[in-house]
Amino acid sequence: MPSAGDAVTIHTLRGFRDLLPPESSLFTRIEAAARDVFSLYGYQELRIPTIELKELFVKSTGDTTDIVEKEMYAFTDGGGREVAVRPEGTPGVVRAYIENNLGQTGRNGKYFYIGNMFRAERPQAGRYREFTQIGAEHIGNASPFADAETITMLVRLLEKAGVGGCSVVLNSLGCAECRKTYREILLEYLRLNIAGLCEPCKGRIERNPLRALDCKTDGPALAEKAPKLFLCPACAEHFARTQELLKISKVEHQVNTSLVRGLDYYTSTVFEVRSSALGSQDAVCGGGRYDDLVKSMGGPASPAIGWAVGVDRLAMLLKDKARMESPSAFVIAASDGARTAAFGLLGELRAAGISADFSNFELSLKSQMRSADRSGAAVALILGEDEIKNATCAVKTLKEKADQRTVPMTELLTEVKRIIS
Ligand code: AMP
């Protein structure tokens with residue numbers, strides 16, 4: 001046991017990580033692209049708590065799902081409440097929608113969130129225990145226009161973030177009526193073939209037979225052999241119309257009847273976006289309709305559709321584009337008497353919208369110049385005794401390794417803007 005005062009190196013927990021520059025800049029870029037696209041489509045931000053009552057996720061995500069059954073960080077808090085760190089965003093959004101009466105007071109039922117989610121999954125490339133999701137929820141619109149709009153928005157977001165090579169896969173799980181009939185047919189099939197199922201599926205088919213289709217072990221074989229879901233005329237019409245509208249939006253997609261999605265609340269249209277560049281964890285985004293969830297959570301009957309995209313996986317796809325942020329200008333004090341003026345100059349540059357940095361005015365000129373070169377700045381601005389006396393600044397364009405020039409202080413901002421433009 002180390003005694004108090006011993007230095008102990010503490011590491012991150014397994015499956016958790018530090019996001020360092022330049023990779024962290026990809027997250028910023030992706031999130032900025034998402035905000036731009038959300039604003040084009042009339043979505044407003046909802047910030048929901050990281051910790052909620054455990055019951056929220058058990059009731060909405062579903063107690064037979066892997067997320068809730070095996071992966072949730074749940075604990076009893078100091079007040080004896082059973083709470084959980086959110087594994088996904090939709091339950092919190094639905095709770096907030098009901099609790100704040102947003103169906104009455106909200107503008108259009110369109111919300112987005114950006115936040116960290118937590119699942120105690122087995123970590124591997126592209127799978128972490130803490131990861132960031134950007135999610136969109138459109139509550140209160142049952143029409144296929146909402147389905148087509150939200151999927152189109154998702155594709156536009158990926159384009160705007162610079163992510164290419166993704167494919168949209170689509171299916172329909174039908175309404176409660178379609179699934180009631182199908183549930184019986186599927187359950188019958190699974191009972192007859194129970195010997196071939198994995199242990200967890202054997203234990204849950206009676207409660208949730210559809211989960212077997214989504215099971216990582218049993219799913220692939222069942223997708224080929226198990227009976228298929230038949231949609232009622234209204235659901236078939238909704239699904240066909242959604243696809244037609246996606247064509248009008250020029251969103252390429254494929255229908256895959258074995259796409260089920262692992263959460264309990266999905267109904268009707270479900271979809272995923274995948275990228276073959278990602279290896280085994282190839283899902284970039286998952287989503288679908290959850291027409292019955294708001295009502296089942298105690299709210300007004302409100303059909304809804306949403307999705308969540310994994311920012312960590314988008315960042316993996318964009319990793320070649322990660323760039324260290326560089327300031328435009330780097331300010332150097334070449335003498336003791338110039339330090340205060342150099343500090344003032346930093347403020348003037350930033351006030352003019354020019355990003356500016358410095359190292360340590362108390363170090364030698366040579367050391368400050370080295371930092372300027374390392375910073376990637378376009379221009380170094382050097383203030384010494386002569387410059388202060390003459391109200392000038394020495395300007396050195398770093399990338400071109402050009403000679404230093406002397407510029408009057410009154411013209412400096414214009415000159416810097418010219419160089420960096
Ligand atoms: P889901 O909420 O499971 O539908 O996931 C939506 C998206 O979040 C997925 O397509 C992934 O991009 C991302 N995602 C889910 N789980 C993880 C994880 N453990 N690590 C990183 N990204 C994840």
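For ligands, and for the atoms within them, numbers begin at 1 and follow the listed sequence. Only this structure's heavy atoms are used, side chains among them; waters, hydrogens and symmetry mates stay out.
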Check contact between Val284 and ligand 1, using heavy atoms of the residue and a distance below 4.0 angstrom. yes
So, Ser25 versus Glu325: side-chain donor-acceptor pair below 3.5 Å or not? no
Using heavy atoms and a 4.0 Å limit, tell me yes or no: is Gly287 in contact with ligand 1? no
So the atoms of ligand 1 within less than 4.0 Å of a heavy atom of Arg119 turn out to be 1 (P), 2 (O), 3 (O), 15 (C), 16 (N)
Pairs in or reaching into residues 107-135: which pass salt bridge (Lys or Arg N to Asp or Glu O under 4.0 Å), with residues at least two apart or in two chains? Lys110-Glu149, Glu121-Arg127
I'd like the name of whichever of Gln133, Arg274, Arg129, Arg313 reaches closest to atom 11 (C) of ligand 1 through any heavy atom. Arg313
Starting from atom 19 (N) of ligand 1, locate the nearest protein heavy atom and write down its residue, its atom name and how far away it is, to 0.1 Å. Glu121 OE2, 2.6 Å
From the options Trp307, Tyr266, Phe131, select the one whose nearest heavy atom is closest to atom 23 (C) of ligand 1. Phe131
Does Ile48 offer a backbone N or O that forms a donor-acceptor pair with the side chain of Arg86 under 3.5 Å? yes
So which atom in Cys178 and which in Cys232 form the shortest heavy-atom distance, rounded to 0.1 Å? SG-N, 3.3 Å
Looking at residues at least two apart in the chain, or sitting in another chain, which of them share a side-chain contact (heavy atoms from CB on, under 4.5 Å) with Lys202? Ile194, Leu197, Glu199
Specify whether Phe38 and Phe112 have parallel, tilted or perpendicular ring planes, treating 30° as the upper limit for parallel and 60° as the lower limit for perpendicular. parallel
Carboxylate-amine/guanidinium contact Asp357 Arg374, below 4.0 Å: no
So, regarding Val309 and ligand 1 (criterion: nitrogen or oxygen to nitrogen or oxygen, under 3.5 Å), is there a contact or not? no
Does Glu69 pair with Arg211 as a salt bridge, N-O distance under 4.0 Å? no
What is the closest protein heavy atom to atom 13 (C) of ligand 1, and at what distance does it sit? Gly310 CA, 3.6 Å
Closest heavy-atom pair, Ala377 versus Leu398, reported as atoms and distance to 0.1 Å, is O-CD1, 3.5 Å
Of the protein's non-hydrogen atoms, which lies at the shortest distance from atom 20 (N) of ligand 1, and what is that distance? Tyr128 N, 3.0 Å
The protein heavy atom nearest to atom 4 (O) of ligand 1 is Arg261 NH2, 2.5 Å
Against heavy atoms of Ala283, which atoms of ligand 1 measure under 4.0 Å? 9 (C), 10 (O), 11 (C), 12 (O)
For atom 21 (C) of ligand 1, grab the closest protein heavy atom and report residue, atom and distance to one decimal in Å. Gly126 O, 3.3 Å
Number the atoms of ligand 1 from 1 as they appear, then name those within less than 4.0 Å of a heavy atom of Cys285, with their elements. 10 (O)
Per-atom contacts of ligand 1 with Ala308, taking only distances under 4.0 Å to non-hydrogen atoms: 6 (C), 7 (C)
